[in-house]
Amino acid sequence: MKNGILLAAALIIATVVLIVIGTVKPIPSAEHFAGEQNLLPSSSTPEAAVRNLGDEISLGHWARAYDSLANKTQFSEDEFIHDLTGYYANLRTDATLNSFEVRPLHATENDAEMRLTLHWATVLGPSESTRDLHVTRVGDHWAPEWPLDKRPAVPPQVIPVNYLRWDVIYPGPGDDWGVQGVEAPHVRIVDMRPVQRAEGVVILGELLNDDVVPAYVSVTATLQSKTGKALATEDSFDKISHVLLPKQVTPFLIDFPDATLSSVGSIRMSPFSTLVPASADPVIEIDNAHLNPAPDASLSGELMNESGQIVNVAHVLGTFYDKSGQVVWIGDEYIDRALLPQTPQAFLIHIPEDLARNVSSQRTVVSSFEYGGVL
Amino acid sequence: MLRRLFIGCAGVALAAGLAAAQPSVRVEPATLQGPRALAEQTANSVIQDYLQSWRSLSVALDQNNPELLDADFTGDAKSKLAETIREQAALGMSTHYQDLTHDVQIVFYSPEGLSLELTDMVQYEVQLFDHGKPEPKQQVRARYVVMLTPAQVRWRVRVFQALPGD
Amino acid sequence: MRLLAFFASGLALGVAPLAFAQSGNLTLPKAVEAGAAFSIATAGSGKATLYIAGLGQVVKRQVDLGQTVNFPVGTLYSAGRYVVVLQGDQEPESGEFDVVPAKGVAELSFLARPSRLPVGLHDAITGAVYVFDAYKNLMVAPTPVSFELSGPSGAAQKRTVVTRFGAAWTEFDSTARQGADKFVANAGAASTRRVISQVPGDPCGLTMTAKRDGKQVELQTAPIRDCSGNPVPDGEVVTFTASFGDDQSTADVPIKGGIAKIDMPIQDGALISVASGVVMGNQIRWEK
């Protein structure tokens, strides 16, 4: 009993002593994470300088990151932060930098070109951005120059909008059998094709809202064996534009990982639609959409927000067809920058290399999301 | 000899008991009017769900527990059966229903698919219990008209009514 | 041998339930109208308990045998088969009778579909009706139900159908004119109305024009109508596509004020096309 009391007293005293030591003379790494001092290695090489900048960005140490720049007099710290996270709410606003890569492009004794690839984790998955930085020697260390992406400012103006919007009154609670409801929007699958890929079976298709009201849509597919037994059921999840205006078409892609097409006897497709409040605006134009051949096959182009409202997140879906007009692939990209009115925003959708040579045409659609509004 | 006879009688009694628990069911070909075709799978599931509803009502009226109706009944059929259970409970009664035979025929499938009607010449036993004391069993033969409506995963009975005079 | 008799009687009980007299000391009505007053006559003397049990209601009364038991209006209102048991000092008596639906249709369950459909479709509007009395009993006796579908212009399609097991159905064509149609079902004094929205069909003869507007080209459709001449509603998407070499520009533009219109940057020599859903419109080769 006595021994136990002694042990407890010893532990308490030791803990207090360690706390005092840690507070009076902390170790450098603790100081760094507490924001007291810079632990990062010195910027003795161009690569180290850019790597340090990446570390500061990933830790959210904006002031330190800004201070490390050779060209900081050309813009303010706020402009630097907005260049990375966006001025208006967008996918990057709440994203964190997961990792980054630094790749030297060119170097001399006094300056160098480095490529910084930032891997962001957004609410809709990973997002990547790349910047080529000029790095210069400043005395005994190197300092990167930040290539600030100066976006054109749209002149202040008033854009008249004939606001077209659909609202829905849903049935109240209780048994509504025999009471007239509102018909779910009529949608139909206008194209469907299963494809075998290395990672499994993929079902590609297009869905049309055949009605005069907007629809929230999704597509579910069930793979059935040759004996009619259900093998797996999946839905289109995010490879679809979920809100379709009347007569609008969306591509859809349904993934069946690890499935093999040879064991599939039939596929049951179930399009789902329900009424949803929606707005006919904004109209987003897709300009200069261009198929880039392999290697690095892709569809590139620009989005132009034709309305006066800011689009916080845009989802670009590309449908790729072969010469006979058959769908061969569907790809997508979330734009991690807000679309400002009348301001072009580039997009790039990658196309699998093995399919790229079969692609002869494309069709691109954009769905938009506004924070605080409807999908 | 007696032992053999005892075993034989017990076997027959057991078979009779089992027969009482599992009613014999005859399904007549549907005589549908209307533009909507009735898939065999739909017809089978409707009849299966309808027969299940007899089991539910039997247990619910036996135990005076209206919650046991939820899975198989909806709308007015459920309200009326639940009201019967409340009345029984207030009077200190319960009722035991045992369906013996069914002769089912689907007679109407509404064009939009939201309702289906069948008739059933059903033979069943009723036994009342007053404060647990059994009254004599009574056998009833009546033709029921039943309307079912689709719910999320099954068909539920919405109208359940014996036709007069049969 | 006694044991044999015991099992034989047990077997008989299991196979054929007890049979009870329907008459004797108990006189039952053959049928009672839902909600109406009725009476049950008893014979004999002494006290007894009378039970009336059905799937819709249960009644229990203490009675003096030899008296007629009167049940006031509203006692039994749920249609169906009821069993009756009279339990006194002597052997119980039993019987059964029917409660039949009350006279006069009081309520219709009217399933009208669809609530919205394109104009000019054959037999596309359906209506199914179930008829009920004031106590929500299905009226199983044949009952005439009249259906009427009338458009905004007043022209009506009418049909009368007699119910079978309480149900009747019909189907009508959608008319050539868009608008909200009234779909009414009548039976006796009961009437129920539904609204069927007839909407324009696919665009017909979709055409556009193009003209220079500063650095851009203004693309505008002619007023968009379906093949019956109904204006296609605002909000339907029209897709403009401009192709030049390997480059393509597209815009999904909702119709506003009967037309779709947008300014697009279009190069000389580009091929411009217009479509709505699966309907293709004209094409224009853009030259300065």
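Chain naming here is simple, since letters A, B, ... match the order of the sequence lines and numbering starts at 1 in each.
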Margin query: Pairing donors with acceptors under 3.5 angstrom, does anything connect the side chains of C:Gln248 and C:Thr241?
Written below: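 No pair is found: no donor N or O on one side chain lies under 3.5 Å from an acceptor on the other.
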Margin query: Is a donor from one side chain sitting under 3.5 angstrom from an acceptor on the other, for A:Gln248 and C:Asp252?
Written below: yes
Next item on the list: Give, as side chain, backbone, both or neither, the part of C:Leu117 having an atom under 4.5 angstrom from any heavy atom of chain A.
Entry: neither
Notebook entry, point to check: Side chain, backbone, both or neither: which part of C:Phe240 has a non-hydrogen atom closer than 4.5 Å to chain A?
Noted result: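 Contact with chain A is absent: no heavy atom of C:Phe240 under 4.5 Å.
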Heavy-atom pairs under 4.5 Å with chain A - which of [options] has more of them than the others?
options: C:Ile266, C:Thr192, C:Asp263, C:Leu108; result: C:Asp263
options: C:Pro233, C:Gly245, C:Pro114, C:Ala251; result: C:Pro114
options: C:Gly277, C:Ser109, C:Gly235; result: C:Gly235
options: C:Val232, C:Asp247, C:Val278; result: C:Asp247

Against chain C, label [X] side chain, backbone, both or neither, depending on which of its atoms sit under 4.5 Å from a heavy atom there.
X: A:Asp281; result: side chain
X: A:Val182; result: both
X: A:Val366; result: neither
X: A:Gln362; result: both
X: A:Glu285; result: both

Do you know which of [options] has the most heavy-atom pairs under 4.5 Å to chain C?
options: A:Asp210, A:Asp211, A:Leu245; result: A:Asp211
options: A:Leu291, A:Asp287, A:Val365; result: A:Asp287
options: A:Val283, A:Val212, A:Leu208; result: A:Val212

So for atom [atom1], which belongs to [X], do other residues, nucleotides or ligands contribute more than 12 heavy atoms lying within a distance under 6.0 Å?
X: C:Lys256; atom1: NZ; answer: yes
X: C:Asp173; atom1: CG; answer: yes
X: C:Arg177; atom1: CZ; answer: no

Item checked: Pair C:Thr221-C:Lys261, side chain to side chain contact (heavy atoms under 4.5 Å, CB included): steps then yes or no -> CA-CA 7 Å; C:Thr221 64; C:Lys261 180 179 167 185; over 6 Å; no
Next item on the list: Applying side chain to side chain contact (heavy atoms under 4.5 Å, CB included), run through C:Ile262 and A:Glu306 and close with a yes or a no.
Entry: CA-CA 9 Å; C:Ile262 193 166; A:Glu306 292 286 335; 4.2 Å; yes
Next item on the list: Give the intermediate values and the outcome of side-chain hydrogen bond (donor to acceptor under 3.5 Å, both in side chains) for residues A:Ser360 and A:Asp322.
Entry: CA-CA 5 Å; A:Ser360 73; A:Asp322 63 12; 6.0 Å; no
Check: Would you call the rings of C:Phe110 and C:Phe147 parallel, tilted or perpendicular, where under 30° means parallel and over 60° means perpendicular?
Finding: tilted
